[in-house]
Amino acid sequence: MKLILPLLLALPLLTTGADFTINGVKFYYRIPQKHSADSQIMVLFGGRNWPGNRTLQIYNFDCLADKHQLFLLAPSFKDRDYWEPGKWSGKLLQKAIRQLEKRYKLHPQKVYFYGYSAGGQCVALFYQWMPRKVAACGIHACGVYPEKINFSQAPFLITCGTEDKERFQISRHFIYRYREHGGLLLWKYFPNSCHELSKEASELAKVWFDDLLSGKKVIAYGEDDTRQIKQRIDTEFRNPLYSEKMRELWKK
């Protein structure tokens, strides 16, 4: 016991979670410390073929979820082009959201999306497929975006490492199109960073979602590449900033 106790104390606290299965796909979810009928859901899409419990653990959005009474929902999608929602995965996710709402008597509301790599593909494509159900979208290191933008009401956060060169270029191309279509989009690239989900990208995502969930309004706009705060910036290069903390992280 003397040997085991220090090891147990060193382990991270476990989240309050559970799971359910729909059509052979397991969905993991985390229950916030406090919740009510007005609690919302954040869907976390993991990297390619990640099981949902791995996604919840690696993203570690627990503090954000507890602060805003969010349920975290992570699908264990695998193979079969699951990032294409029209094929099968979109309807399955909608069923999972409804099941979670029913199980905890939640009022149906818009959900939040966040995803890394293949999970980012899910975010970008699922939003265009079910736009009226989505409040905001965060993406890191994504290499696939919709060919046509039909909806741009949801604010976006897109991040990528400059050494993740193909995804970096693809992401840049999408951000200009999304902004020109009328969407609010914060773009942040990380010099010398590759494809991994970095600590810096994760921290920015949590602050960005925190600001949106707190109802903060845009306090300033920053310009791509120059990182300067200006009153007049062309639409396709404009980054909305909601707090001093976000401004600080974005300018790093």
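Fair warning: this is a prediction, and the values are worked out from it, not measured in the lab.
Here the side chain of K216 pairs no donor or acceptor atom with the backbone of Y242 at under 3.5 angstrom. Side-chain N or O atoms of Y116 include one that pairs as donor or acceptor with a backbone N or O of H195 at under 3.5 Å. No donor-acceptor pair closer than 3.5 Å links the side chain of S117 to the backbone N or O of R48. The closest donor-acceptor contact from the side chain of S39 to the backbone of Q69 lies under 3.5 Å. Put simply, the side chain of Q128 gets close to the backbone of F151: a donor and an acceptor are under 3.5 Å apart. The backbone N or O of K26 lies less than 3.5 Å from no partner atom in the side chain of T21, so there is not a single donor-acceptor pair.
Partners of A201 under the side chain to side chain contact (heavy atoms under 4.5 Å, CB included) rule, at least two apart in sequence or in another chain, are H140, T159, F190, L197, S198.
No donor-acceptor contact under 3.5 angstrom links the side chains of N53 and D19, judged on distance only. No donor-acceptor contact under 3.5 angstrom links the side chains of R54 and N49, judged on distance only.
Between Y112 and F209, the angle of the ring planes goes over 60°, which puts this pair in the perpendicular group of the 30/60° scheme.
Between F237 and the options Y176, Y221, W187, a ring pair (Phe, Tyr, Trp, His ring centres under 6.0 Å) holds for only Y176.
Salt bridge status for K67 with D210: present, with a side-chain N to carboxylate O gap under 4.0 Å. A salt bridge is defined here as a Lys NZ or Arg NE, NH1 or NH2 lying under 4.0 Å from an Asp or Glu carboxylate O, and D211 with R247 fails to meet this definition. Salt-bridge annotation for E101 and K110: absent, with no side-chain N of the basic residue lying under 4.0 Å from a carboxylate O of the acidic one. The pair R172-D225 counts as a salt bridge, with a side-chain nitrogen and a carboxylate oxygen less than 4.0 angstrom apart.
Ring to ring, F20 and Y28 are not that close: their centroids are 6.0 angstrom or more apart. A distance below 6.0 Å separates the ring centres of F71 and Y104. Taking the six-membered ring for Trp and the full ring otherwise, the centers of Y59 and Y114 sit less than 6.0 Å from each other. A distance of 6.0 Å or more separates the ring centres of Y145 and Y178.
Other residues, nucleotides and ligands place more than 12 heavy atoms under 6.0 Å from the NZ atom of K251.
Distance check, rounded to the nearest 0.5 Å: CD of E203 to NZ of K252 gives 5.5 Å. Distance check: I158 CD1 to L186 CG gives 9.5 Å after rounding to the nearest 0.5 Å.
Pairs engaging residues 229-241 under the salt bridge (charged side-chain N to carboxylate O under 4.0 Å, His left out) rule: E223-K230 [sequence neighbours left out].
No continuous path of hydrophobic side-chain contacts links L212 to I219 [ILVMFWY only; heavy atoms under 4.5 Å].
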